[in-house]
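Structure incoming, see below.
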There are 2 protein chains.
Amino acid sequence: MSDKPVSIRDVAKKAGVSPGTVSNVLTGRKPVNKDLADHVRKVAADLGYQTDRLASQLRTGKAQIIAVLVPDLDNPFFTSIVAAIEGCVSQENYEIIVANSNDDEETERSRLAAILAWRPAGIVVIPSTDRFPNRDLIERAGVPYVIADRVTHSPQADTVSVANEEAGEMAARHLLELGHRRILLAASVLGLGNMRERCAGAARVIEAAGAPAPEVLETGLTFDVASERLSKWLDGHERPTAIIGFTNFTTLGVLTALVERGIRIPHEMSVIGFDDYKWMCARSVPITAIRQPIQAFGQAIWSRLRNRIDGDTGPPMRVYLSCELIVRASAAAIGPKGPRTSNANDGNEQDNVREMARPDAGTGVKPGA
Amino acid sequence: MSDKPVSIRDVAKKAGVSPGTVSNVLTGRKPVNKDLADHVRKVAADLGYQTDRLASQLRTGKAQIIAVLVPDLDNPFFTSIVAAIEGCVSQENYEIIVANSNDDEETERSRLAAILAWRPAGIVVIPSTDRFPNRDLIERAGVPYVIADRVTHSPQADTVSVANEEAGEMAARHLLELGHRRILLAASVLGLGNMRERCAGAARVIEAAGAPAPEVLETGLTFDVASERLSKWLDGHERPTAIIGFTNFTTLGVLTALVERGIRIPHEMSVIGFDDYKWMCARSVPITAIRQPIQAFGQAIWSRLRNRIDGDTGPPMRVYLSCELIVRASAAAIGPKGPRTSNANDGNEQDNVREMARPDAGTGVKPGA
DNA sequence: GATTTACTGAAAAACGTTTTACAGGACCGT
DNA sequence: ACGGTCCTGTAAAACGTTTTTCAGTAAATC
């Protein structure tokens with residue numbers, strides 16, 4: 001109800017000191033007599049004073065704001081990353097601004113501009129495209145940022161991503177061990193670095209095993225077209241014995257396409273999905289999947305960004321985290337008999353985060369097909 | 001790279017005018033000669049000037065920030081609402097700050113305090129508890145806010161929610177039409193108004209049909225305990241023929257509990273879920289569910305909040321939106337023969353948003369059991 | 001005992017805007 | 001010619017902080 005919020009001046013007057021002293025007491029930037037400090041603190045508390053962060057951070061130059069720009073706020077993978085980051089930063093008195101680029105380069109640009117006008121302390125962005133041309137906006141503004149997930153290395157900026165090739169390898173190896181040889185890789189869009197790497201990892205292992213090079217199908221970025229394309233593809237091609245979905249949406253697409261075609265899992269088709277969600281277990285044949293370490297992801301992003309905010313001017317770093325294969329029932333041994341699930345879960349639980357300086361920057365991985 | 005961002009003073013100097021004039025040109029708050037205005041705009045564009053929103057909004061008093069406080073950022077329902085709101089507000093040059101209360105009253109309070117320090121233009125909050133005692137913080141700050149989802153009416157504030165009773169009725173009626181009489185209602189926590197209302201709606205319809213009053217099971221707020229409690233309950237009670245999950249997490253819990261017990265859907269148990277997600281269709285027996293109108297939800301929240309920000313001082317409004325029953329295969333007719341699905345989808349597609357002033361405020365709905 | 005040093009806190013400048021107050025014309029009607 | 005009203009733009013105040021500068025006192029050093 002009280003229209004004007006209580007200001008530092010009010011506190012100062014009531015406490016009989018100068019505003020500067022109140023500031024020094026509250027921020028602790030300059031020492032002030034213990035007794036007086038206590039008094040000021042008490043008055044501030046009594047008045048319910050809350051420092052106006054707008055004003056405070058106008059003066060100090062940077063806002064305690066971390067902006068997170070994602071390509072799709074309706075994709076639970078991205079929101080889970082936002083959640084993980086929020087958990088980290090809120091403990092250090094930062095606030096999070098979210099923006100949605102809708103996988104569109106133009107809106108990405110405009111959202112980025114709007115966000116930069118807040119002079120945020122840092123930005124984490126999951127680019128809408130691999131090249132991320134809108135980077136120039138951030139760089140011109142001189143705001144620290146890290147690129148996450150989709151772009152796995154960049155000569156200009158820190159990147160945090162998953163060990164994509166390794167993830168692809170894990171999935172493929174699991175299928176090979178189960179006897180599969182004709183494997184379909186379902187990626188969202190090969191224009192994305194992480195997709196190329198996952199496919200490359202899988203393809204390498206598969207070919208190394210002497211199996212035919214896997215086919216790669218691009219299912220697009222949304223769920224709806226994913227299942228559609230999958231269905232169409234299944235109609236027009238010799239049927240593989242296993243499919244790896246390299247994205248949560250593609251996994252969902254694979255699953256519904258199989259339902260539509262009446263192809264049963266795992267008897268007629270083995271499936272490995274990406275990401276680990278509750279619904280994967282809420283089925284009679286729970287889904288074997290590659291789990292991305294979301295919490296660690298968020299922490300790694302924040303820790304990198306934090307360093308930059310604190311003034312780290314070292315060369316761009318590339319951080320990547322290992323995924324984990326969660327063996328369940330949707331990938332089964334091939335052969336005359338029915339499903340036989342394996343539980344060769346050798347996931348390396350600890351030490352799943354590595355950092356490396358980047359001498360090797362810029363060497364993109366070729367698509368697997 | 002340029003360390004100091006270009007300020008309005010720089011533009012003014014280069015354009016040969018005063019800072020005030022630049023401001024007037026850019027904000028359009030006072031008229032300025034057309035030619036001069038164009039010139040200023042050009043200079044501003046050349047210099048890549050972007051007004052510092054911190055400074056701007058310090059002066060004007062309120063930040064173009066909408067804070068969204070949700071109980072669980074890992075729950076896709078809540079994040080989908082955030083996404084819907086973000087879509088609305090970003091078009092009007094507002095930015096969204098998200099905060100996670102983690103379903104805990106204390107962290108809710110501290111997050112709220114942190115958020116209020118930004119002097120946001122408005123707040124939308126999905127309270128962690130029904131009573132929402134932390135409301136006092138917002139009210140003391142005098143910031144407009146709307147309460148969403150969980151609390152469906154409040155004498156002090158606008159509420160936007162779903163037509164919960166109606167939703168419960170729809171689900172129950174569908175099951176009754178399919179011949180079910182012993183129905184279990186799975187709610188998250190009956191301390192939440194929306195849960196009580198959904199249960200009440202279902203219970204009323206069921207009892208009106210002469211069927212025994214339905215049992216209500218509280219499954220808790222997280223997925224893990226949900227399935228656990230469900231499993232335990234199923235062991236200790238006579239088995240119903242149908243279950244309604246009144247939350248996406250409880251639905252997931254129901255589904256996995258049934259999987260664990262080897263109870264098949266819909267042959268041995270019919271299930272109606274809540275919310276509409278992709279995974280519900282990615283199964284051989286897709287899930288019949290109550291869909292909440294997420295987009296409309298976000299729009300209604302924003303429109304209400306917008307009005308308040310613009311100075312609407314009318315009495316608190318209660319807005320509620322109708323849900324839709326999506327008939328699929330997980331709820332089947334009971335009887336000697338196997339599953340028979342109905343497609344009696346009479347959902348009222350249009351006119352699913354209503355507003356009403358609140359003379360009836362404060363009359364809570366009783367829990368259904 | 002004089003001079004430095006250390007400490008404490010007040011006063012004022014600064015951050016980048018917006019807004020208010022005002023000044024200088026031009027234009028109008030008398 | 002004169003006072004009034006527009007019109008357009010400048011100068012300066014203001015927003016609520018933090019930071020810098022400085023003054024006054026007490027302690028320490030010679």
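Within every chain, numbering begins at 1; the chains are lettered A, B, ... in the order of the sequence lines, protein sequences first and strands thereafter.
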Looking only at heavy atoms, the pair that brings A/Arg111 and A/Ala99 closest together is NH2-CB, 3.6 Å

For A/Thr79 and A/Pro76 the tightest heavy-atom approach is OG1-O, 3.1 Å

Do the side chains of B/Asp38 and B/Arg41 get close enough for a salt bridge, i.e. N-O under 4.0 angstrom? yes

Whether each nucleotide of nucleotides 16-25 of chain D has a protein heavy atom under 4.0 Å at its base (B), only at its sugar-phosphate (S) or at neither (-) is summarised, 5' to 3', as BBBB-B----

Polar atom pairs (N or O), protein with nucleotides 4-7 of chain D, under 3.5 Å:
none

Is B/Asp136 salt-bridged to B/Arg109, cutoff N-O under 4.0 Å? yes

Margin query: So B/Asp72 and B/Leu221, do their side chains get closer than 4.5 Å, heavy atoms only?
Written below: no

Check: Do NZ/NE/NH1/NH2 and the carboxylate oxygens of B/Glu108 and B/Arg135 come within less than 4.0 Å?
Finding: no

Applying side-chain hydrogen bond (donor to acceptor under 3.5 Å, both in side chains) to A/Arg306 and not counting sequence neighbours gives A/Glu92

Between A/Ile294 and A/Phe77, the two heavy atoms sitting closest are CD1-CE1, 3.6 Å

Hits for side-chain hydrogen bond (donor to acceptor under 3.5 Å, both in side chains) against B/Ser23, two or more places apart or cross-chain, chain-then-number order -> none

On a heavy-atom basis, the closest approach of A/Lys62 and A/Ala121 is CD-CA, 3.9 Å

Would you tabulate the pairs of protein nitrogen or oxygen atoms and nucleotide nitrogen or oxygen atoms of nucleotides 4-7 of chain C closer than 3.5 angstrom?
none

Bend of the helix from C/dG1-D/dC30 to C/dT30-D/dA1 from end-axis comparison, five pairs per end, nearest 10°, comes to 50°

**Side-chain heavy atoms of B/Leu69 within contact of B/Tyr145, under 4.5 Å** = no

note: A/Lys34, atom NZ; C/dG9, atom P; distance rounded to Å ~ 13 Å

Correct closest heavy-atom pair for A/Ala300 and A/Val319 would be CB-CG1, 4.2 Å

From CG of B/Asn33 across to P of C/dG25 the rounded distance in Å is 17 Å

For A/Pro315 and A/Arg308 the tightest heavy-atom approach is O-NH2, 2.9 Å

